Number of protein chains: 2
Amino acid sequence: MAYCAPMPSHHPLPFDPIDRAAQLWQDRIGPAATMAAVTNIMRVQQILQSSVDAALRPHGLTFARYEALVLLVFSRQGSLPMNVMGQRLQLHPTSVTNIVDRLQADHLVERNGHPTDRRTTVVTITEAGRQRQKIATGALTDIDFGLVGLDDAQIAQLTALLTEVRRAAGDFS
Amino acid sequence: MAYCAPMPSHHPLPFDPIDRAAQLWQDRIGPAATMAAVTNIMRVQQILQSSVDAALRPHGLTFARYEALVLLVFSRQGSLPMNVMGQRLQLHPTSVTNIVDRLQADHLVERNGHPTDRRTTVVTITEAGRQRQKIATGALTDIDFGLVGLDDAQIAQLTALLTEVRRAAGDFS
DNA sequence: GACAAGTGGTTGGACGTCCTACTATTGGGA
DNA sequence: TCCCAATAGTAGGACGTCCAACCACTTGTC
């Protein structure tokens, strides 16, 4: 299926607003390279989030919920404790609660008690959840996850740079 | 001032969860490079947002509001119509309304009517707004905008890659 | 065994983003 | 001139994220 890139709803500017801001920053404040990189990450994330969510909306999912489904599909039993989900997805416990609430309301996952630790809640994906994940994965691969304009080598380069940032930030060890 | 990297509140994993997911994806679904890159962008954006917002919180700002202040400081008259702010910051009109509401509540900006077009609202930064922006800029440069682990060349490389994505997505022309 | 500290999860509130829908104003064309 | 499409901004709602606070349960220590 041909993928129509997510043109911004409001007419694009004839210049790069981030680059423009970086030039002004350089003139008035100082070195702008870091600021420009951070702003770029913020903006690209927003673009990707928008593209991905648009592709998932017809299937009643968001990227956050989709990630949770994938995590469960990849787990051995199709089930994980909520705190483990939070660690893997790098989410605050309240975000996990929020996401699981909505997945459960759509009957894509179930909540069950942990057999030995009564504090823990175990989330299990349902058959409907597995099917929904499969369909959503197709929708996302069709649009290349919204990531356009880079070849394979550049994508690998991007991943390497960002992984280094996460490592330096203590995301994992 | 020494900057303490934003260690995740929940103990870091001994492995990279994104890389782990990418391996499983490769085994079960197919090529995982794009998925890994997109997930990396999402996660790094989240880390940066957290670091930046933490640095700005003592000054009563968020990154979104800070960006709006910078945009106004860089403008000739210290004032811009709301729709122009939306174009430059790549924000939905409702987001601009939200941000300007809060900046105005803090007396950092003012709303005024446009002299000739009675539909448009012109936002003007106040003297307090200019001072606040200066202080906040110091707080952000102190922590390098939360971007850690890359040297100057890598930062430039990252910016180039992300700019290409934005160009391909039609963010500007 | 009892108590203190730590862990797992939820609730309520704040924030930023987007969408849909709406009002007010402008400007172009019949 | 008048109508209608386009534009500027706002209101209300949904979603995801975080924080602070809280309760239930577990674990370690005395």
Side-chain angles (χ1 to χ4, degrees), chain A residues 6 8-11 42-43 45-58 60-68 80-87 89-106 109 111-123, chain B residues 6 8-11 42-43 45-58 60-68 80-87 89-106 109 111-123:
Chain A
S9 36
H10 314 297
H11 303 192
M42 301 286 198
R43 206 72 79 218
Q45 187 272 344
Q46 192 174 341
I47 292 169
L48 295 179
Q49 183 92 48
S50 174
S51 302
V52 164
D53 280 346
L56 291 176
R57 190 169 306 124
L61 286 178
T62 63
F63 190 60
R65 281 179 258 171
Y66 171 78
E67 276 191 300
L80 286 175
M82 300 197 47
N83 63 335
V84 174
M85 294 180 65
Q87 286 172 5
L89 301 173
Q90 303 289 163
L91 288 178
H92 198 275
T94 55
S95 299
V96 178
T97 295
N98 187 342
I99 287 174
V100 171
D101 279 351
R102 300 181 195 281
L103 289 174
Q104 190 176 23
D106 273 359
V109 304
R111 269 189 174 89
N112 297 107
H114 191 281
T116 64
D117 189 337
R118 295 174 55 192
R119 293 170 301 181
T120 311
T121 300
V122 176
V123 181
Chain B
S9 36
H10 314 299
H11 303 194
M42 301 286 197
R43 207 71 81 219
Q45 187 273 343
Q46 191 173 344
I47 292 170
L48 295 180
Q49 183 92 48
S50 174
S51 301
V52 164
D53 279 346
L56 291 176
R57 190 169 309 122
L61 286 178
T62 64
F63 190 60
R65 281 179 259 170
Y66 171 77
E67 276 191 301
L80 286 175
M82 298 197 52
N83 63 336
V84 174
M85 294 181 65
Q87 285 173 4
L89 300 174
Q90 304 289 164
L91 288 178
H92 198 276
T94 54
S95 299
V96 179
T97 295
N98 188 339
I99 288 174
V100 171
D101 279 351
R102 300 179 195 283
L103 289 175
Q104 190 176 23
D106 273 0
V109 303
R111 268 187 174 91
N112 298 107
H114 190 282
T116 65
D117 189 337
R118 294 176 56 191
R119 295 171 299 181
T120 59
T121 300
V122 176
V123 181

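The chains referred to below are lettered A, B, ... by the order of the sequence lines, with proteins before strands, and numbering in each begins at 1. Everything numeric here is computed off the predicted structure, so don't read it as measured data.
Residues satisfying the side-chain contact (heavy atoms from CB on, under 4.5 Å) criterion with A:Val52, sequence neighbours excluded, are A:Leu56, A:Phe63, A:Leu140. Every residue meeting the side-chain contact (heavy atoms from CB on, under 4.5 Å) condition with A:Thr94, not counting sequence neighbours, appears here in chain and number order: A:His92. B:Asn98 pairs by the side-chain contact (heavy atoms from CB on, under 4.5 Å) definition with B:Arg102, not counting sequence neighbours. Taking B:Arg57 as the reference, B:Asp53, B:Ala54 meet the side-chain contact (heavy atoms from CB on, under 4.5 Å) condition, with sequence neighbours excluded. When the side-chain hydrogen bond (donor to acceptor under 3.5 Å, both in side chains) test is applied to B:Thr121, no partner is found at least two apart in sequence or on another chain.
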List every contact pair, protein side and nucleotides 8-10 of chain C side both N or O, where the distance is under 3.5 Å.
| from | atom 1 | to | atom 2 | distance (Å) |
| --- | --- | --- | --- | --- |
| C:dG8 | OP1 | A:Asn83 | ND2 | 2.8 |
| C:dG9 | OP1 | A:Met82 | N | 3.4 |
| C:dG9 | OP1 | A:Thr121 | N | 2.9 |
| C:dG9 | OP1 | A:Thr121 | O | 3.1 |
| C:dG9 | OP2 | A:Asn83 | N | 2.7 |
| C:dT10 | OP1 | A:Arg111 | NE | 2.8 |
| C:dT10 | OP1 | A:Arg111 | NH2 | 3.1 |
| C:dT10 | OP2 | A:Thr97 | OG1 | 2.7 |

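Under the 3.5 Å distance criterion, the side-chain polar atoms of B:Gln46 are matched with a main-chain donor or acceptor of A:Gln90.
Atoms CD (A:Gln45) and C1' (C:dT17) sit 10 Å apart, rounded to a whole Å. Rounding to whole angstrom units, CD of residue A:Glu67 and C1' of D:dT17 are separated by 13 Å. In this structure, B:Met85 atom CE and D:dA8 atom C1' are separated by 14 Å, rounded to whole Å. If you measure from atom CG of A:Leu61 to atom C1' of D:dC15, you get 13 Å, rounded to the nearest angstrom. We find that CD of A:Gln90 is positioned 18 Å from P of D:dG16, with the value rounded to whole Å. The distance from atom CG of B:Asp53 to atom P of C:dA14 is 17 Å, rounded to the nearest whole Å. Straight-line distance from the CG atom of B:Leu91 to the P atom of C:dG16: 11 Å, rounded to whole Å. To the nearest angstrom, P of D:dG16 lies 13 Å from CE of B:Met42.
When heavy atoms are screened at a 4.0 angstrom cut-off, A:Gln46 is found touching the sugar-phosphate backbone but no base atom. Using a 4.0 Å heavy-atom cutoff across all strands shown, B:Arg57 reaches no nucleic acid atom at all.
Across all non-hydrogen atoms, the minimal contact from A:Leu89 to B:Arg43 is O-NH1, 3.2 Å.
When the side-chain nitrogen and oxygen atoms of A:Ser95 are compared with OP1 and OP2 of D:dG16, none of them lie within a distance under 4.0 Å. Checking the phosphate oxygens (OP1, OP2) of C:dC15, a side-chain nitrogen or oxygen of B:Arg102 falls inside 4.0 Å.
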